[in-house]
Amino acid sequence: MIYQITFSCEEGENFRRVFEADSEATFLDLHKAILESVNYPDDQMTSFFMCNDRWEKEQEVTLIPMDSNFEYDNMVMDSTRLSDLMEEQGQRLIYIFDPMFERYFFGSLKAILPGTMEGVRCVESKGKAPQQLHTEDPTEGLIGKDGKADWETDEDFYGDSQYDEGDIDMEGFQDLSFDDGSMF
């Protein structure tokens, strides 16, 4: 059988890639075809997730063997055929291309056609793919020009200038003792 799989992404302007794949091709074959179609280097720990009708992640297919989730088997791209997990038209999957920021392409098995072919090929390419890796620095704005974090320079960071012992309700604390080691 030949699978026709379409991928799109909310980040890319009119981004769409359509692949035709032999049902016996592996997820690694699909992974490589995706990367080639968007000109991404093959240097990230990408993975596929099979999804339900609400795009909730189910079975993961990883690039390399990983610790297994008890709910699902550990499946690896190079040894998992598309037909192992994709059985019916409309099947949903996601391809995580930026694992650090969990960015992905939405995929769908649009058609199952009779016949066979070699591997996977991109048959339609529309729009520009988003940049593979998020370039935002997650610490941007947290470190000041003096090299110190905001909480290191802000004397009122913990609110200690507004502390008043009368604000603490001591009821229930009188029975606690940290001296006898009973807490641990």
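The structure presented is a predicted model; accordingly, all values stated were derived computationally and were not measured. For this chain, numbers begin at 1 and follow the sequence in order. As a basis for the values below, the full set of heavy atoms in this structure was taken, side chains included, without hydrogen atoms, waters or symmetry mates.
- Leu28 CG to Thr80 OG1: the interatomic distance, rounded to the nearest 0.5 Å, is 10.0 Å.
- No chain of hydrophobic side-chain contacts below 4.5 Å, direct or via other Ile, Leu, Val, Met, Phe, Trp or Tyr residues, connects Met77 to Ile96.
- Interatomic distance, CE of Met86 versus CZ of Phe27, reported as 6.0 Å (0.5 Å rounding).
- With 3.5 Å as the limit, one finds a donor-acceptor pair spanning the side chains of Ser125 and Arg17.
- Asn14 CG: 12 or fewer foreign heavy atoms inside a 6.0 Å radius.
- Side-chain contact between Ser37 and Phe7: absent, with no pair of heavy atoms (C-beta onward) separated by less than 4.5 Å.
- Atom CZ of residue Arg16 and atom CZ of residue Phe105 lie 14.0 Å apart, to the nearest 0.5 angstrom.
- Around atom CD of Glu36, no more than 12 heavy atoms belonging to other residues, nucleotides or ligands sit under 6.0 Å away.
- Under a hydrophobic-cluster definition in which Ile, Leu, Val, Met, Phe, Trp and Tyr are linked whenever side-chain heavy atoms come within less than 4.5 Å, directly or via other members, Leu35 and Leu82 are assigned to the same cluster.
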Distance-only criterion, 3.5 Å: show the donor-acceptor pairs between side-chain atoms of residues 39-49 and protein atoms not counting sequence neighbours.
| from | atom 1 | to | atom 2 | distance (Å) |
| --- | --- | --- | --- | --- |
| Tyr40 | OH | Pro130 | O | 2.3 |
| Asp42 | OD1 | His31 | NE2 | 3.1 |
| Thr46 | OG1 | His31 | ND1 | 3.2 |
| Ser47 | OG | Glu60 | OE2 | 3.2 |

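- By the rule that hydrophobic residues join a cluster once side-chain heavy atoms approach within less than 4.5 Å of another member, Ile2 and Leu85 end up as members of separate clusters.
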Could you go through residues 106-123 and list every donor-acceptor pair under 3.5 Å that involves a side-chain atom there, pairing it with any protein atom two or more places apart or in another chain?
| from | atom 1 | to | atom 2 | distance (Å) |
| --- | --- | --- | --- | --- |
| Arg121 | NH2 | Glu20 | OE1 | 3.3 |

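- Hydrophobic clustering keeps Met75 apart from Ile94 (ILVMFWY residues linked when any side-chain heavy atoms are closer than 4.5 Å, directly or through intermediates).
- The shortest side-chain heavy-atom distance between Phe19 and Asp29 does not fall under the 4.5 Å cut-off.
- The CZ atom of Arg92 sits 11.5 Å away from atom CD of Glu58, with the distance rounded to the nearest 0.5 Å.
- Checked against side-chain contact (heavy atoms from CB on, under 4.5 Å), Asp53 has no partners two or more places apart in sequence or in another chain.
- Here the closest non-hydrogen pair linking Asn74 and Thr62 is OD1-OG1, 3.8 Å.
- Using a 4.5 Å heavy-atom cutoff, the side chains of Ser23 and Arg81 are not in contact.
- In this structure, CZ on Arg103 lies 12.0 Å from CD on Glu10, to the nearest 0.5 angstrom.
- Linking ILVMFWY side-chain heavy atoms closer than 4.5 Å, directly or via other members, places Met1 and Ile5 in a single hydrophobic cluster.
- You'll find the side chain of Leu30 stays beyond 4.5 Å of the side chain of Tyr3, heavy atoms only.
- Atom OG1 in Thr26 sits 10.0 Å away from atom CG in Asp84 (nearest 0.5 Å).
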